[in-house]
Protein chains: 2
Amino acid sequence: MAKQGKKQGRAPDGRGKQHKPSKKGAKGADGPGGYPAAERPDVVLVVDVAYLTVADGELVVLLVERGREPHRGRWSVPGVVLDPDEAAADAAVRAVVARAGIPDPFVHQEQLDVFDAVGRDPRTRVVSATVLGVAASARPPAGGTLAGSRWWPVAALGDPDGPALAFDHGDIVAAGVERLGTRLEHTDLATALVAEPFTLGELRRAYEAVWGVELEPANFRRKVLSTPGFVARTAGKRIVGTGRPADLYVRGGGAVLHPPLPRGR
Amino acid sequence: MAKQGKKQGRAPDGRGKQHKPSKKGAKGADGPGGYPAAERPDVVLVVDVAYLTVADGELVVLLVERGREPHRGRWSVPGVVLDPDEAAADAAVRAVVARAGIPDPFVHQEQLDVFDAVGRDPRTRVVSATVLGVAASARPPAGGTLAGSRWWPVAALGDPDGPALAFDHGDIVAAGVERLGTRLEHTDLATALVAEPFTLGELRRAYEAVWGVELEPANFRRKVLSTPGFVARTAGKRIVGTGRPADLYVRGGGAVLHPPLPRGR
DNA sequence: TGAATAGTGTCTTTCAGACAATATGGA
DNA sequence: TCCATATTGTCTGAAAGACACTATTCA
């Protein structure tokens with residue numbers, strides 16, 4: 001689950017890997033509880049965003065083509081260096097605005113893992129606090145606004161035709177997909193991925209896109225409709241392709257699913 | 001659940017809160033994908049640890065009394081400034097070793113939330129990457145090794161007799177307790193909180209301490225014994241206080257609980 | 001008419017909650 | 001003997017999986 005959360009059967013005990021403060025920074029004594037202003041190691045903190053949505057029945061992620069070394073020509077998730085007077089949530093918005101030109105990008109955002117491996121950026125020590133950003137299906141323009149940024153199907157990331165990812169950004173996307181998946185299990189966040197009004201078939205296909213499984217329509221329907229606050233019936237019906245017209249629904253105003261919506265096997 | 005993960009019904013769209021790089025740092029252009037070495041805002045990244053275990057049927061957390069301002073005399077979780085050549089997991093170990101003198105402190109550690117509120121430290125911008133550290137029940141010496149550090153019952157943190165917490169460290173402890181609780185639901189981590197061999201009563205009381213609820217012994221037993229790899233029977237019996245002697249078990253070598261072990265109502 | 005999708009109903013299995021009944025030690 | 005805890009077993013209800021069947025549209 002957690003990419004970084006690993007068991008330490010035998011953890012370093014402070015002798016095995018004796019700590020020695022590096023030359024630059026960390027000048028102050030290591031006494032309990034103090035972080036004097038002088039003590040400033042050269043660690044750069046960036047905020048990177050796994051920005052996801054569902055489009056045309058596919059889970060897609062916004063990537064930016066790198067114009068400079070290292071990893072020039074590879075694709076990365078949008079990110080910015082955290083500014084000292086800025087909250088991480090604001091930095092996440094700024095990253096998507098600056099790199100892709102999409103204003104007001106999130107219907108939902110939450111923290112993901114911290115990626116902190118020492119060699120992940122060849123230039124300096126860069127620690128990345130990552131954020132899951134979710135776009136409403138209808139909103140983002142099909143191809144982003146700034147040149148060099150576009151939505152890629154998550155399924156294409158392994159492909160030879162797909163984008164090659166820079167640094168460990170493949171892990172960042174994976175963490176975002178995984179987190180989005182568990183949110184769909186336990187909350188009504190899926191309703192943010194479809195445009196109102198929506199049919200239960202559309203909602204179900206959003207789940208299928210994120211989870212990569214097929215769900216039994218009858219059982220899905222039973223679960224959604226029996227959960228208070230998940231969806232609310234609205235007037236009218238809609239014909240999608242062929243088949244019987246489907247009832248229309250809007251978001252129900254908030255639901256916690258317990259037990260969760262089961263994710264097949 | 002996630003303290004920092006908040007919905008943004010209307011997120012800043014890049015105009016409402018126009019970003020202006022602060023004076024110090026962030027000198028480089030904000031062009032896509034580059035973090036030149038010159039671009040180093042004054043953000044200090046620390047690693048703080050919610051270090052928990054169960055002792056005498058109580059969930060306890062290791063706290064360190066602050067010897068200097070700000071918040072002198074208040075209690076904080078162990079933490080250190082991240083060194084540029086050090087992984088966060090190693091920094092977490094170093095924090096507990098340095099602040100409490102407990103070597104090889106963790107049977108398990110994993111990332112928690114990032115605490116990044118702008119004013120959380122009055123001195124500089126300090127962002128805290130927090131870690132949940134779990135100690136084996138038997139191991140940690142009852143009162144820590146270094147003066148100024150000790151285990152506090154988590155239940156005492158709200159009390160007038162309990163420790164006053166520095167900064168937002170109460171939130172860090174809360175995040176750790178919450179995460180430990182969900183790990184107990186879904187994994188066999190509880191077996192790390194009891195000394196081998198253990199009785200199912202001891203294991204159940206570990207759950208009760210973390211969750212703060214009472215569990216039905218018969219149903220708890222059924223769930224644990226029916227989950228492959230959770231516990232393994234070992235020879236002998238043990239009498240705890242009064243009552244019938246209990247069978248003894250050891251860790252089963254790894255289990256994922258699905259469905260999870262339900263946490264009462 | 002046939003294909004495709006939506007909607008309704010039912011049967012079965014799994015599993016948790018509640019709780020009774022028995023087992024076995026110490027005070 | 002009484003009390004406390006462990007262990008076993010049973011009954012019940014909630015909820016998911018599987019699937020049959022009907023409804024309704026378009027090609």
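So that the names make sense, note that chain A is the first sequence line, chain B the second, and so on, each numbered from 1.
Here the side chain of A/Gln109 pairs no donor or acceptor atom with the backbone of A/Val131 at under 3.5 angstrom. A distance-only check finds no donor-acceptor pair linking the side chain of B/Thr234 to the backbone of B/Leu248 [under 3.5 Å]. Not a single donor-acceptor pair under 3.5 Å links the side chain of B/Glu58 to the backbone N or O of B/Ala55.
Listed by first then second residue, pairs satisfying salt bridge (Lys or Arg N to Asp or Glu O under 4.0 Å) with a partner in residues 214-228 of chain A number zero, not counting sequence neighbours.
Here A/Lys223 lies in heavy-atom contact (under 4.0 Å) with sugar-phosphate atoms only.
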- request: Output, in order, the C-alpha distance, side-chain angles, deciding distance and verdict of side-chain contact (heavy atoms from CB on, under 4.5 Å) for A/Leu184 and A/Leu261.
  value: CA-CA 8 Å; A/Leu184 262 47; A/Leu261 208 160; over 6 Å; no

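A/Ile239 places its CD1 atom 5 Å from the P atom of D/dC26, with the value rounded to the nearest Å. Distance B/Phe220 CZ to C/dC15 P: 17 Å, rounded to the nearest Å. Rounded to a whole Å, the CG atom of B/Leu225 is 13 Å from the P atom of C/dA16. Here the C1' atom of nucleotide C/dG26 and the NZ atom of B/Lys237 are 16 Å apart, to the nearest Å.
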Please list, pair by pair, any protein nitrogen or oxygen found under 3.5 Å from a nitrogen or oxygen in nucleotides 3-5 of chain C.
residue : atom : partner  : partner atom : Å
C/dT5   : O2   : A/Arg244 : N            : 3.1

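For the salt bridge (charged side-chain N to carboxylate O under 4.0 Å, His left out) test, residues two or more places apart in sequence or in another chain that qualify with B/Arg233 are B/Asp247.
With hydrogens and angles left out, the side chain of B/Asp247 and the base of D/dA6 share no donor-acceptor pair within 3.5 Å. Scanning atom types as modelled, no donor and acceptor separated by under 3.5 angstrom connect the side chain of B/Arg222 and the base of D/dG9.
For A/Asn219, taking side-chain heavy atoms from C-beta onward, the closest of the listed nucleotides D/dA16, D/dG17, D/dT25 is D/dG17.
Sequence order on DNA chain C of the closest nucleotides to B/Ser226 and B/Glu216 puts B/Ser226 first from the 5' end.
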